[in-house]
Chemist: 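I'd like to ask you about the structure that follows.
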Amino acid sequence: MSIKVRYFASLKELVGRSEDQLPFVGNLTVADVLKQANKNKVIPNNILAAVNMEYVAFETVVKDGDEVAFFPPVTGG
Amino acid sequence: MSIKVRYFASLKELVGRSEDQLPFVGNLTVADVLKQANKNKVIPNNILAAVNMEYVAFETVVKDGDEVAFFPPVTGG
Amino acid sequence: MKIKIIDTLFDPWQEIQQYQLSIPEVKGKFGATSVFVGTMRDFNDGDNVKGMNLEHYPGMTEKQLQKIVEQAMQQWHILDALVVHRVGDIFPDEPIVLVAIWSSHRGDAFDTSRYIMERLKSKAPFWKKEILVDDAERWVGKNTDGYKK
Amino acid sequence: MKIKIIDTLFDPWQEIQQYQLSIPEVKGKFGATSVFVGTMRDFNDGDNVKGMNLEHYPGMTEKQLQKIVEQAMQQWHILDALVVHRVGDIFPDEPIVLVAIWSSHRGDAFDTSRYIMERLKSKAPFWKKEILVDDAERWVGKNTDGYKK
C-alpha cells in the first residue's frame, strides 16, 4: 500500500531526488502528498501535478497505488 | 507603335487566340483595349487585367509598347 | 529567397533539404521552419479527376510571387523563403506547390507560410484545367479562402 | 497517426518521406500537408547556447501527445498526423520537434499543425536545460505563446 511520487527537471534538482515512496494512509490530496514528502522545502508555486500521467488539480484526492508527479512548467517543442 | 494583348486559360479558349497586336492610337484604357480587340465577343465580367505583368484596374490608361493581359480568376496552389 | 517554376515532378522534401544546405548563413539562427505542400487529389467538387494541366503567365507569375514574399517579409521576421510551383501536366498524388519559411520564432513562420499560400492562391497567375475520368476537361473556377473553417 | 520520441539525431524531411510511404491509404486523398520543424538555435534570451539537454516524462509524454492529436482531430478534418520529438543531448542546428499533418484542404492542415505545436509547448512534459558557452547550465523557464505576434 503506497504512493509513488516523482519529480522532474528543475524540481528534481531542488528536492535532490527523482522519486519517493509514500505509505498510503488514505484521504490525501495531491497538495498533501507534495507537502508530506517535502517537509522542509519551499516548493515554487508554479509547479504542475499529474496523477497516473494525467494533469490534475492539487485538490485531487490520491488513491492507493497512484503515481503522483510534480514538475515545473513544460518547455518542449 | 503597338500594344501587345495577351489572353490566358479559359479566356484564351473563349476568344480563340492567345495574342493580339493593336496599333497604339493613344488615350486608350485597359477596358478600351479589351473591347476593341474583341468587338463581337461577350467577355465574362470576372476577368482580371494586368499591364506589364502588374495587376491594374480597367480604367488604367495604356501606354505605347505596353503588354496588356486578360485572364480569369487565378486557381494555382 | 528562391522562387522556382518547374514543369516536371519534384520531391518537396528533397527540395527543402537541398535548399537548406544552400543557406548555411541561417544555420543556428532559425528555430522554426513552416512548410506547406499542396498535392493533387484524385477528386474535386464531387468528381474523380485523373489529371490536370496547369497554365501560367511566364514572367508575371515569378514577378507576383516575388512581390508576395516581399510583402510577407515586411510584416513578419523571417530569415529565408522557398517557393516552388509546378506547371504543365500533373497527376494525382503529385505535389503542385511548396512553400517553406525559416524564421527564429514559430509565430512568424506559421503566419508567413499561410499568408504566402493565400496570396499565391488569389494573386499568382496560374490556372488549373482538370481532366475527369471520362476525359472531359474543365477549368477550375475559383480558389476558396483557406482562412475560413 | 504516429507519435515518436527519439534520443538521436533525426532528419525531419526523411521522416516525412518515410511516413508518407507507410500511409498509401491517403494517396490521392490529401491535398494539403502542413509541417512544422523546431530546430535548436545557437542563441536564446540574449545568450549564446552551445547545447541543450531535453528531459521528458516517459509514458506521460506519449499519452499527452496522443491526447493533443486526438483533440485536434475532433476540431478539424485531417487524414493523418506525425509527431516526432527529440530528447537527450541536442546541439545547435539539430531538429527538436516535427509535426506533419495531412488533410484534404489547406485550412485544416494549417490550423491543426499550429494547434498541435501550441498544445505541445504548453502540455507535453518536456523540459529544456541549456548549456551556455561558458558551460553554465540553466533551465528554460517558460515557453512563449506562439499565437501572439
Side-chain angles (χ1 to χ4, degrees), chain C residues 11-20 24 26-44 48-50 75-77 91-111 113-115 117-118 121 143-149, chain D residues 11-20 24 26-44 48-50 75-77 91-111 113-115 117-118 121 143-149:
Chain C
D11 182 317
W13 319 115
Q14 242 170 51
E15 292 282 336
I16 297 169
Q17 272 176 326
Q18 278 167 20
Y19 186 67
Q20 207 170 271
V26 302
K27 220 171 153 165
K29 305 301 160 215
F30 69 93
T33 313
S34 175
V35 173
F36 181 84
V37 177
T39 302
M40 198 192 151
R41 291 172 307 175
D42 55 18
F43 65 95
N44 193 29
N48 292 324
V49 182
K50 74 173 186 187
Q75 292 178 67
W76 293 284
H77 292 287
F91 299 97
D93 198 44
E94 293 185 356
I96 301 169
V97 60
L98 158 66
V99 172
I101 303 298
W102 288 263
S103 65
S104 296
H105 303 286
R106 71 187 182 286
D108 292 313
F110 274 124
D111 284 338
S113 60
R114 191 159 194 174
Y115 171 86
M117 272 309 299
E118 295 310 315
K121 288 233 168 205
N143 275 334
T144 51
D145 181 353
Y147 281 112
K148 281 190 216 150
K149 280 184 68 174
Chain D
D11 182 317
W13 320 114
Q14 242 171 50
E15 292 282 336
I16 298 169
Q17 272 176 327
Q18 278 167 20
Y19 186 67
Q20 207 170 272
V26 302
K27 219 172 154 165
K29 306 301 162 216
F30 68 93
T33 313
S34 175
V35 173
F36 180 83
V37 178
T39 303
M40 197 192 152
R41 292 171 306 176
D42 56 17
F43 66 96
N44 194 28
N48 292 326
V49 182
K50 75 173 185 188
Q75 293 178 65
W76 294 283
H77 293 287
F91 298 96
D93 198 45
E94 293 185 356
I96 300 169
V97 60
L98 159 65
V99 172
I101 304 298
W102 288 264
S103 66
S104 296
H105 303 286
R106 71 188 184 285
D108 292 312
F110 274 123
D111 284 339
S113 60
R114 191 159 194 175
Y115 172 86
M117 272 308 299
E118 293 310 315
K121 288 232 168 205
N143 274 335
T144 50
D145 181 353
Y147 281 113
K148 280 189 216 149
K149 278 185 68 174

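Letters A, B, ... mirror the listed sequences (proteins, then strands); counts begin at 1.
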Chemist: Would you give the length of the straight line joining atom CZ of D:Arg114 to atom OG of C:Ser113, rounded to the nearest 0.5 angstrom?
Modeler: 8.5 Å
Chemist: Would you mind telling me which of D:Ser34, D:Gly31, D:Gly38, D:Gly107 has the largest number of heavy-atom pairs within less than 4.5 Å of chain C?
Modeler: D:Gly31
Chemist: So for atom NZ, which belongs to C:Lys27, do other residues, nucleotides or ligands contribute more than 12 heavy atoms lying within a distance under 6.0 Å?
Modeler: no
Chemist: Name the member of C:Pro92, C:Pro12, C:Ala109, C:Ala32 that forms the most heavy-atom pairs with chain D at distances under 4.5 Å.
Modeler: C:Ala32
Chemist: Identify the residue among D:Val35, D:Ile16, D:Thr33 that makes a side-chain contact (heavy atoms from CB on, under 4.5 Å) with C:Val37.
Modeler: D:Thr33
Chemist: Heavy atoms only: give me the nearest D:Gln17-C:Trp13 pair and the separation to one decimal.
Modeler: CG-CD1, 3.5 Å
Chemist: What's the separation between atom CZ in D:Phe110 and atom OH in C:Tyr147, rounded to the nearest 0.5 Å?
Modeler: 8.0 Å
Chemist: How long is the gap from OG1 on D:Thr144 to NE2 on C:His105, to the nearest 0.5 Å?
Modeler: 7.5 Å
Chemist: Non-hydrogen contacts under 4.5 angstrom with chain D: give the residues of residues 93-104 of chain C involved, or none if there are none.
Modeler: C:Asp93, C:Ser104
Chemist: With rounding to the nearest 0.5 Å, note down the distance linking CZ in C:Arg106 to CD in D:Glu118.
Modeler: 4.0 Å
Chemist: Could you look at D:Asp11 and say if it's the side chain, the backbone, both or neither that has a heavy atom under 4.5 Å from chain C?
Modeler: side chain
